[in-house]
Amino acid sequence: MAERLYSYNVQLSADFYASLHMLEVALRNKVDEALTKAHGTGWMHNGAVLVDAYQQGCVAQAQGILQRDRKAVTHSQMVAELNFGFWSSVFGRSSNHLWGPLRPIFQTNGLQRAFISQKLRDLRKLRNRIAHYEPILAQPIATLHQDILTLTAWMSVDASAWITTHSTVNYPATPIIISDPTSGAAIFDKALIGHLPK
């Protein structure tokens with residue numbers, strides 16, 4: 001059973017990684033397009049745009065990496081080098097002033113900045129767990145996968161369709177690993193054994 005759980009965790013992680021990659025590419029391209037339109041191509045180096053120290057540090061680090069690797073520090077190279085944490089952070093509370101130009105990148109009604117920020121924060125945590133080879137079977141994986149699809153579709157229907165086409169794993173509606181109601185210990189939900197690889 002342990003080997004089947006491990007194998008399923010690896011399959012889920014690989015599938016999620018591809019989906020998260022597509023979300024990140026769509027997000028960074030749309031954010032850059034919106035902020036360039038509002039503040040020009042120098043927005044990354046504009047202290048009135050990126051007021052958060054974390055964001056400024058990300059930009060400095062990305063520039064340093066490109067210089068170290070002897071790559072041209074162009075705008076497009078910087079966009080590609082900045083990480084998911086940076087792109088998620090522009091929806092944080094400290095960047096509330098950016099919500100005006102960023103809101104239109106999501107093609108849906110009634111959105112609030114805090115909603116997008118929370119969804120991206122949850123997905124960044126999932127991405128970090130996957131990147132560090134940590135188990136994700138106790139996470140609400142079906143909900144998280146749907147969040148990826150929804151956020152991506154609001155930005156790019158084609159990118160969302162790619163995720164759906166290339167997704168190879170059956171996502172159960174509830175976590176595979178749950179808490180024992182008596183002891184609180186993590187246990188395998190045997191009702192979901194059908195989802196595990198043979």
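The analysis underlying the following values was restricted to heavy atoms, covering all of them including side chains, and did not include hydrogens, waters or symmetry mates.
Judged by distance alone, with hydrogens and angles left aside, the side-chain atoms of His166 form a donor-acceptor pair with the main-chain N or O of Trp162 at under 3.5 Å. Without hydrogens or angle criteria, Gln56 side chain to Leu50 main chain gives a donor-acceptor distance under 3.5 Å. With His39 contributing its side chain and Val49 its backbone, the two residues share no donor-acceptor pair below 3.5 Å. A donor-acceptor pair is defined here as one N or O able to donate and one able to accept, closer than 3.5 Å; such a pair exists between the side chain of Arg113 and the backbone of Phe91.
When the side chains of ILVMFWY residues are joined at heavy-atom separations under 4.5 Å, either directly or via intervening members, Val157 and Leu27 end up in two distinct hydrophobic clusters. Val25 is not connected to Phe84 by any chain of hydrophobic side-chain contacts under 4.5 Å among Ile, Leu, Val, Met, Phe, Trp and Tyr, and they are in different clusters. Residues Trp87 and Ile65 do not share a hydrophobic cluster, clusters being chains of Ile/Leu/Val/Met/Phe/Trp/Tyr side chains in contact below 4.5 Å. Under a hydrophobic clustering in which Ile, Leu, Val, Met, Phe, Trp and Tyr are joined whenever their side-chain heavy atoms come within less than 4.5 Å, directly or via other members, Leu35 and Tyr54 fall into different clusters.
Between the CG atom of Leu144 and the CD1 atom of Ile136 there is a distance of 8.5 Å, given to the nearest 0.5 Å. Put simply, CD1 on Ile163 and OG1 on Thr152 are 4.0 Å apart, with the number rounded to the nearest 0.5 Å.
For the residue pair Ser95/Gln55, the side-chain donor-acceptor check at 3.5 Å is satisfied. Side-chain contact annotation: Trp43 with Asp32, donor-acceptor N/O pair under 3.5 Å present.
Closest non-hydrogen pair, Ile116 versus Trp99, comes out as CG1-CH2, 4.0 Å. Shown here for Met78 and Leu66, the closest heavy-atom pair between the two residues is SD-CD1, 3.7 Å. For the residue pair Thr41 and His75, the shortest heavy atom distance occurs at O-ND1, 3.2 Å.
For the salt bridge (Lys or Arg N to Asp or Glu O under 4.0 Å) test, no residue two or more places apart in sequence or in another chain qualifies with Glu33. Thr164 is linked by a side chain to side chain donor-acceptor pair (under 3.5 Å) to nothing, counting only residues two or more places apart in sequence or in another chain. Judged as a salt bridge (Lys or Arg N to Asp or Glu O under 4.0 Å), and not counting sequence neighbours, the contacts of Glu24 are Arg127.
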**OP:** Decide side-chain hydrogen bond (donor to acceptor under 3.5 Å, both in side chains) for Gln118 and Asp122; before the verdict, give the C-alpha distance in whole Å, the side-chain angles of both, and the deciding distance to 0.1 Å.
**Re:** CA-CA 6 Å; Gln118 183 60 56; Asp122 292 343; 2.8 Å; yes
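Taking the six-membered ring where tryptophan is involved, the planes of Phe115 and Trp154 are tilted, since the angle between them lies from 30° to 60°.
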